[in-house]
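Reading through the structure tokens given below for one structure.
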Amino acid sequence: MSVDDTTKVASLVWLRRDLRLADHAALAAALAHPGAVAIVFVFDRNILDPLPSRRDRRVEFIHRSLLEIDEQLERLGSRLIVLDGDPASLIPGLARRLDVTRVVCAEDYEPYARERDGVVAEALRGQSREFVRVQDHVLVDPRALMTSSGNPYTVYTPYRKRWRSVAEPSLWT
């Protein structure tokens with residue numbers, strides 16, 4: 001697929017836990033490619049509907065953060081796309097409507113997120129689009145910090161040794 005980087009959105013950045021524009025690994029990864037970038041946030045009903053109150057402080061924080069992001073984007077001549085529903089269908093649907101080449105987001109290690117991302121990745125693959133997950137909110141991928149039997153460490157010293165063996169040396173020297 002050819003990308004006309006003067007008129008076409010090439011990358012869609014999916015904000016999740018990372019409610020900021022500065023120091024944002026997924027946004028940086030998207031901007032490294034030619035073409036325009038659109039940014040989306042989905043109020044995930046699978047997460048929000050089980051909350052006991054719609055006035056949850058976490059949701060209020062998300063609202064305030066999204067308003068700030070939208071204001072920043074508006075100053076740059078853009079706007080934040082905000083959707084409400086199931087991201088497993090909304091993200092591939094938006095990617096199709098915008099005809100993007102790739103969807104970029106921060107890796108999320110929670111069980112629900114991994115399952116959801118698998119569904120999104122499969123749907124995007126079926127549309128011949130990339131799904132790019134970048135490490136952002138952890139220093140070391142937790143999957144790299146397992147024992148030789150594939151289980152989490154239960155003793156600190158072996159964990160620390162493993163962490164130091166996989167972490168960037170600049171992080172601990």
Side-chain angles (χ1 to χ4, degrees), residues 8-33 35-127 129-146 152 163 171:
K8 182 179 185 310
V9 174
S11 299
L12 177 63
V13 175
W14 178 12
L15 300 180
R16 289 133 42 122
R17 297 173 184 265
D18 41 1
L19 299 176
R20 65 191 188 283
L21 296 179
D23 188 32
H24 194 286
L27 181 56
L31 290 170
H33 290 274
V37 173
I39 302 175
V40 63
F41 179 86
V42 178
F43 281 100
D44 188 336
R45 289 286 128 211
N46 299 306
I47 295 171
L48 297 176
D49 285 348
L51 293 176
S53 169
R54 296 281 185 230
R55 300 187 75 138
D56 188 279
R57 288 183 185 185
R58 295 165 292 187
V59 178
E60 290 175 6
F61 171 80
I62 291 169
H63 277 279
R64 283 194 311 275
S65 298
L66 295 177
L67 287 172
E68 290 175 17
I69 289 169
D70 190 48
E71 288 170 4
Q72 291 172 4
L73 290 172
E74 188 175 22
R75 286 192 296 271
L76 296 170
S78 186
R79 295 304 298 260
L80 177 65
I81 300 167
V82 178
L83 302 174
D84 186 278
D86 184 356
S89 61
L90 291 173
I91 292 297
L94 181 60
R96 186 181 327 98
R97 281 192 304 282
L98 296 176
D99 195 25
V100 300
T101 304
R102 74 195 58 76
V103 173
V104 187
C105 62
E107 181 76 59
D108 193 335
Y109 305 97
E110 297 293 324
Y112 163 71
R114 292 177 64 183
E115 180 180 326
R116 174 200 62 211
D117 288 356
V119 172
V120 170
E122 186 63 32
L124 292 172
R125 195 172 14 263
Q127 299 175 11
R129 301 180 206 290
E130 290 181 76
F131 186 51
V132 180
R133 291 172 271 201
V134 297
Q135 186 173 306
D136 190 13
H137 66 276
V138 296
L139 295 175
V140 175
D141 185 330
R143 295 169 293 203
L145 298 174
M146 297 292 175
W163 190 93
L171 294 175

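Along the sequence shown, residues are numbered consecutively beginning with 1. Keep in mind that this is a model prediction, so the values were computed, not measured.
For the atom pair CD1 (Ile69) and OG (Ser78), the distance works out to 12.0 Å, reported to the nearest 0.5 Å. To the nearest 0.5 Å, atom CZ of residue Arg102 and atom CZ of residue Arg129 are 11.5 Å apart. In this structure, CG in Leu15 is found 11.0 Å from CD1 in Ile62, a value given to the nearest 0.5 Å. For the atom pair Leu12 CG and Arg97 CZ, the distance stands at 10.0 Å (nearest 0.5 Å). For the atom pair CG (Leu80) and CG (Leu21), the distance works out to 8.5 Å, reported to the nearest 0.5 Å.
No more than 12 heavy atoms of other residues, nucleotides or ligands sit less than 6.0 Å from atom CZ of Phe61. Shown here is Gln72, whose CD atom has more than 12 heavy atoms of other residues, nucleotides or ligands within 6.0 Å.
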Walk me through it: do Ile81 and Leu98 pass the test side-chain contact (heavy atoms from CB on, under 4.5 Å)? CA-CA 12 Å; Ile81 300 167; Leu98 296 176; 4.2 Å; yes
Report the C-alpha distance between Asn46 and Tyr112 in whole Å, list the side-chain angles of each, state the deciding distance to 0.1 Å, and finish with yes or no for side-chain contact (heavy atoms from CB on, under 4.5 Å). CA-CA 9 Å; Asn46 299 306; Tyr112 163 71; 3.1 Å; yes
Evaluation steps, side-chain contact (heavy atoms from CB on, under 4.5 Å), between Leu94 and Val40: CA-CA 9 Å; Leu94 181 60; Val40 63; 3.7 Å; yes
Please step through side-chain contact (heavy atoms from CB on, under 4.5 Å) for the pair Arg58 and Leu51, ending with a clear verdict. CA-CA 10 Å; Arg58 295 165 292 187; Leu51 293 176; 3.3 Å; yes
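Side-chain atoms of Glu130 do not come within 3.5 Å of backbone N or O of Thr101 as any donor-acceptor pair. Between the side chain of Arg64 and the backbone N or O of Leu67, no donor-acceptor pair lies under 3.5 Å. Side chain of Lys8 to backbone of Asp99: a donor-acceptor contact under 3.5 angstrom is found. Although no hydrogens or angles enter the test, the distance criterion places no donor-acceptor pair under 3.5 Å between the side chain of Arg16 and the main chain of Cys105.
Pairing each heavy atom of Pro87 with each of Pro92, the nearest pair is O-CD, 3.6 Å. Residues Arg133 and Gly118 come closest through the heavy atom pair NH1-N, 4.4 Å. The shortest heavy-atom contact between Ile47 and Pro50 is O-CD, 3.3 Å. The minimum heavy-atom distance between Ala30 and Val104, with the atom names listed, is CB-CG2, 4.1 Å. Closest heavy-atom contact between Ser11 and Val100: C-CG1, 4.2 Å.
The pair Asp84-Arg45 meets the salt-bridge criterion, with a side-chain N (NZ, NE, NH1 or NH2) lying under 4.0 Å from an Asp/Glu carboxylate O. Checked for salt-bridge contact, Asp70 and Arg79 meet the test: a charged N lies under 4.0 Å from a carboxylate O. With salt bridges taken as basic N to acidic carboxylate O contacts below 4.0 Å, one links Arg125 and Glu122. A salt bridge links Glu110 and Arg17; the closest N-O separation between the charged side-chain nitrogens and carboxylate oxygens is under 4.0 Å. Between Asp44 and Arg116 there is a salt bridge, with a side-chain nitrogen of the basic residue lying less than 4.0 Å from a carboxylate oxygen of the acidic one.
Among Ile91, Val103, Leu90, the single residue meeting the side chain to side chain contact (heavy atoms under 4.5 Å, CB included) criterion with Val120 is Ile91.
Between Trp14 and Val132, every side-chain heavy-atom pair lies at or beyond the 4.5 Å cut-off.
Ring centers of Phe41 and His63: at least 6.0 Å apart, outside the cut-off.
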